[in-house]
Every structure is written in C-alpha cells, then in structure tokens.
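Quick note: residue numbers are just sequence positions, from 1. Basis for what follows: all heavy atoms, side chains included, without hydrogens, waters or symmetry-related copies.
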Amino acid sequence: MTDKIQILQDKIIHSKSIVVLTGAGVSQESGISTFRGEDGLWNDFKPEELANYGSFIKSPKIVWDWYEWRKDIIMNAQPNACHYGLSRIESKKNILIVSQNVDGLHEEAGSKNLIELHGNIWETICIKCMDVQKEKSLHKDIPPDCSLCNGLLRPNVVWFDEIIPASKIDNISEKINHCDLFLILGTSGLVQPASLFGVYAKQKNKYVIEINLDETPNNHFYDLHITDKVGEVFNSLNYDF
Ligand code: OAD
C-alpha cells in the first residue's frame with residue numbers, strides 16, 4: 001500500500017460520515033467508456049445532438065438508438081472493486097454516494113444510500129403521463145411508447161438542457177455539511193453542479209481526497225490526489241475495520 005492509499009485507508013477508518021461523488025471513471029474498469037479523455041464517448045458523438053430534450057423531440061429514434069447501444073454495453077458490465085468497496089464501507093459507516101453515472105452499478109453492488117444525480121438508464125418516463133418504469137432490458141420497438149397512455153417514453157436521465165431540482169442539491173450540501181470525509185472518484189470535474197461539491201466541501205473545511213488518472217480543474221483545492229485506477233485503489237484497501 002502506498003503512503004497516499006494508507007492516508008485514504010486511515011481517513012475512512014476514522015471518519016464517522018463520508019460523502020462520495022462518483023463519475024464515469026468509476027465504471028471504466030467495468031468496461032464502460034468514459035465521456036471524456038482517450039476513448040471517451042463524446043469523442044465520437046456530440047452530446048448536444050444526443051443528450052438533449054430538444055433533439056429527442058425532433059428525432060426520438062436517433063436518441064433512443066444511442067441509449068439502447070449504451071444499455072447493451074452496460075447490461076454486460078459487472079460492478080468492480082470500487083463499487084463493491086463502497087458498498088462494504090456502507091455496512092460499517094454512514095456513507096452517501098452521489099453518482100453522476102446512470103449505469104446502476106452502485107445499486108447492483110449493494111449500495112443503498114445512493115443519489116443517482118443524472119438518473120438511471122434502466123428507467124423510462126412517459127413524457128405525457130409521467131409514469132416511471134424500471135426494467136433491465138432492451139426495448140423491442142424504438143422509440144418505445146407508454147403502456148398506459150401510448151405517450152412517448154424517454155430515458156429517465158438528466159440531459160444537457162435540463163436542470164437538477166434545487167432540493168436535491170440542498171440535500172447533498174446538507175450531507176456534506178455533516179461529513180468528515182469527501183471522496184471524489186473518477187470524474188473530470190467539468191459538469192456542474194456535481195463539479196462544485198468538492199469545492200463546497202473544502203469551503204466547509206472537510207478533508208477531500210480525489211482519485212483520478214488525470215489532473216482535474218479543481219485539483220489544487222483538495223487535500224490529496226491519488227493518480228491511480230480507482231478500482232485498483234479500492235482493491236488494495238482493507239475492509240476489516
Ligand atoms: P468524464 O468522462 O468527463 O470523466 C471521467 C474521468 O475519470 C476522467 O477525468 C478520467 O481521467 C477519469 N478516469 C478514467 N478511468 C479511470 C479509472 N479507472 N480510475 C480513475 N479515474 C479514471 O465523466 P464524468 O466526470 O462522470 O452527464 O462526466 C460527468 C457528466 O458528463 C456525465 O454524467 C454525463 C456527461 O456529460 C450527462 O449525461 C448529463
């Protein structure tokens with residue numbers, strides 16, 4: 001165990017309450033592409049053309065084809081050592097996971113205290129009657145329609161031209177106010193509001209550890225940056241505490 005990972009281990013052991021922000025890098029070792037960086041999804045697809053309500057209304061089939069392609073990849077992915085490690089910590093500590101990932105792998109690993117900030121790719125919401133359904137399967141007909149009202153279904157995720165309710169942000173800020181440790185795992189720190197939580201945690205004098213293969217814009221604010229694969233780091237932790 002390196003000195004930096006030993007600090008992470010000690011901080012986890014001595015913290016009563018932990019808040020964790022996760023991003024696409026956490027699922028990279030499960031075989032799901034990140035959005036940015038080498039091999040990032042957005043290198044081939046323009047987000048404004050796909051993850052956008054206006055585009056969806058104009059071309060629901062194109063947007064759905066992209067989501068079904070992603071769902072197919074995610075369907076075959078398994079949680080990795082980071083997802084499982086966080087779930088094991090939850091059995092011993094007060095921990096909240098705030099994930100920008102829509103893949104549902106934290107839940108699959110057993111995490112319960114979880115906020116999926118950008119939604120869940122397995123959920124649909126009807127744009128007419130707002131009925132929400134969750135099913136881990138691919139759709140037969142694209143675009144799918146609502147079994148209750150025949151309205152158009154959309155993925156229940158947050159798109160670029162949409163906002164996250166303020167009450168959700170307030171709830172997370174409140175949890176940060178009362179935590180001892182804030183972890184930022186595998187996120188580029190480029191998308192708000194998630195990117196602001198780490199800075200907020202520092203303003204509140206919390207100990208902040210970031211694990212990311214790359215430097216991030218707010219790096220210099222944090223107490224510790226571990227430049228390793230997050231799954232490998234969690235694999236090397238000792239959970240017998
Ligand atoms: P990004 O793809 O922007 O960033 C992933 C980060 O993880 C990068 O900084 C990588 O260097 C790092 N990384 C990759 N593999 C890693 C590994 N194994 N261990 C540690 N770090 C690793 O993903 P997010 O920050 O999650 O939003 O992106 C935020 C949001 O932008 C997404 O939720 C999505 C996207 O637009 C919406 O769709 C609304």
Side-chain angles (χ1 to χ4, degrees), residues 1-32 34 36-38 77-101 103 105-115 117 172-173 175-190 194-241:
M1 197 181 274
T2 64
D3 289 353
K4 285 187 172 184
I5 297 177
Q6 187 63 57
I7 295 174
L8 170 69
Q9 173 85 66
D10 292 345
K11 288 288 174 189
I12 291 172
I13 291 174
H14 294 111
S15 295
K16 283 203 176 97
S17 178
I18 305 170
V19 179
V20 186
L21 174 69
T22 70
V26 158
S27 294
Q28 185 266 337
E29 287 155 273
S30 294
I32 301 172
T34 57
R36 299 172 186 83
E38 231 182 291
Q78 305 296 324
N80 62 49
C82 177
H83 301 103
Y84 284 120
L86 291 172
S87 150
R88 288 179 76 175
I89 294 169
E90 188 172 332
S91 64
K92 301 164 190 232
K93 299 274 170 186
N94 184 1
I95 183 171
L96 169 70
I97 299 169
V98 179
S99 187
Q100 297 167 88
N101 300 341
D103 55 36
L105 291 184
H106 285 299
E107 188 186 0
E108 216 168 303
S111 288
K112 302 260 182 304
N113 204 6
L114 170 68
I115 295 176
L117 199 62
I172 295 165
S173 308
K175 295 289 183 333
I176 293 174
N177 290 345
H178 294 103
C179 79
D180 314 297
L181 177 64
F182 188 77
L183 303 179
I184 306 175
L185 311 178
T187 172
S188 56
L190 294 172
S195 57
L196 302 174
F197 290 136
V199 179
Y200 178 75
K202 263 332 298 169
Q203 282 169 352
K204 293 285 165 184
N205 238 350
K206 307 300 174 179
Y207 197 87
V208 178
I209 302 178
E210 179 177 62
I211 306 177
N212 196 305
L213 288 174
D214 292 322
E215 297 290 309
T216 63
N218 292 326
N219 239 157
H220 53 284
F221 285 116
Y222 308 143
D223 298 284
L224 187 68
H225 179 95
I226 301 177
T227 316
D228 281 314
K229 287 195 164 190
V230 66
E232 289 177 7
V233 172
F234 274 77
N235 199 31
S236 67
L237 294 179
N238 180 350
Y239 297 92
D240 296 325
F241 50 84

Distance (rounded to the nearest 0.5 Å) between [X] [atom1] and [Y] [atom2]:
X      : Y      : atom1 : atom2 : value
His106 : Cys82  : NE2   : SG    : 6.5 Å
Leu185 : Gln100 : CG    : CD    : 11.0 Å
Leu96  : Ile115 : CG    : CD1   : 4.5 Å
Ser15  : Phe182 : OG    : CZ    : 13.0 Å
Asn218 : Ser188 : CG    : OG    : 11.0 Å
Ile95  : Ile12  : CD1   : CD1   : 7.5 Å

State, to 0.1 Å, how close [X] and [Y] come at their nearest heavy-atom pair, and which atoms those are.
X      : Y      : result
Ala24  : Asn101 : N-OD1, 3.0 Å
Met1   : Ile5   : CG-CG2, 3.6 Å
Leu21  : Ala194 : CD2-O, 3.5 Å
Leu105 : Ala77  : CD2-O, 3.9 Å
Gly198 : Val208 : O-CG2, 4.1 Å
Pro217 : Gly189 : CG-O, 3.8 Å

Out of [options], which one pairs with [X] under the side-chain contact (heavy atoms from CB on, under 4.5 Å) rule?
X      : options                       : result
Phe197 : Ile184, Leu117, Val19         : Leu117
Lys11  : Ile209, Ile18, Asp180, Leu224 : Ile209
Ile211 : Leu8, Thr187, Leu183          : Leu8

Next item on the list: Among residues two or more places apart or on two chains, list those pairs meeting salt bridge (charged side-chain N to carboxylate O under 4.0 Å, His left out) that have a residue in residues 81-99.
Entry: none
With sequence neighbours left out, write down each residue that passes side chain to side chain donor-acceptor pair (under 3.5 Å) with [X], or none if nothing qualifies.
X      : result
Ser30  : Asn80
Tyr200 : Asn177
Glu215 : none

Check: Please walk me through it: do Asn94 and Lys16 pass side-chain contact (heavy atoms from CB on, under 4.5 Å)?
Finding: CA-CA 6 Å; Asn94 184 1; Lys16 283 203 176 97; over 6 Å; no
Would you be so kind as to tabulate the donor-acceptor pairs closer than 3.5 Å made by side chains of residues 228-237, with sequence neighbours excluded?
residue, atom, partner, partner atom, Å
Ser236, OG, Val233, O, 2.7

Next item on the list: Using the side-chain hydrogen bond (donor to acceptor under 3.5 Å, both in side chains) rule, collect all pairs that involve residues 201-210, keeping only residues at least two apart or in two chains.
Entry: Lys202-Asp223, Glu210-Thr216, Glu210-Asn219, Glu210-His225
Checklist line | Asp3 atom CG, over 12 foreign heavy atoms within 6.0 Å | finding: no
Next item on the list: Applying side-chain contact (heavy atoms from CB on, under 4.5 Å), run through Leu86 and Thr22 and close with a yes or a no.
Entry: CA-CA 11 Å; Leu86 291 172; Thr22 70; 4.2 Å; yes
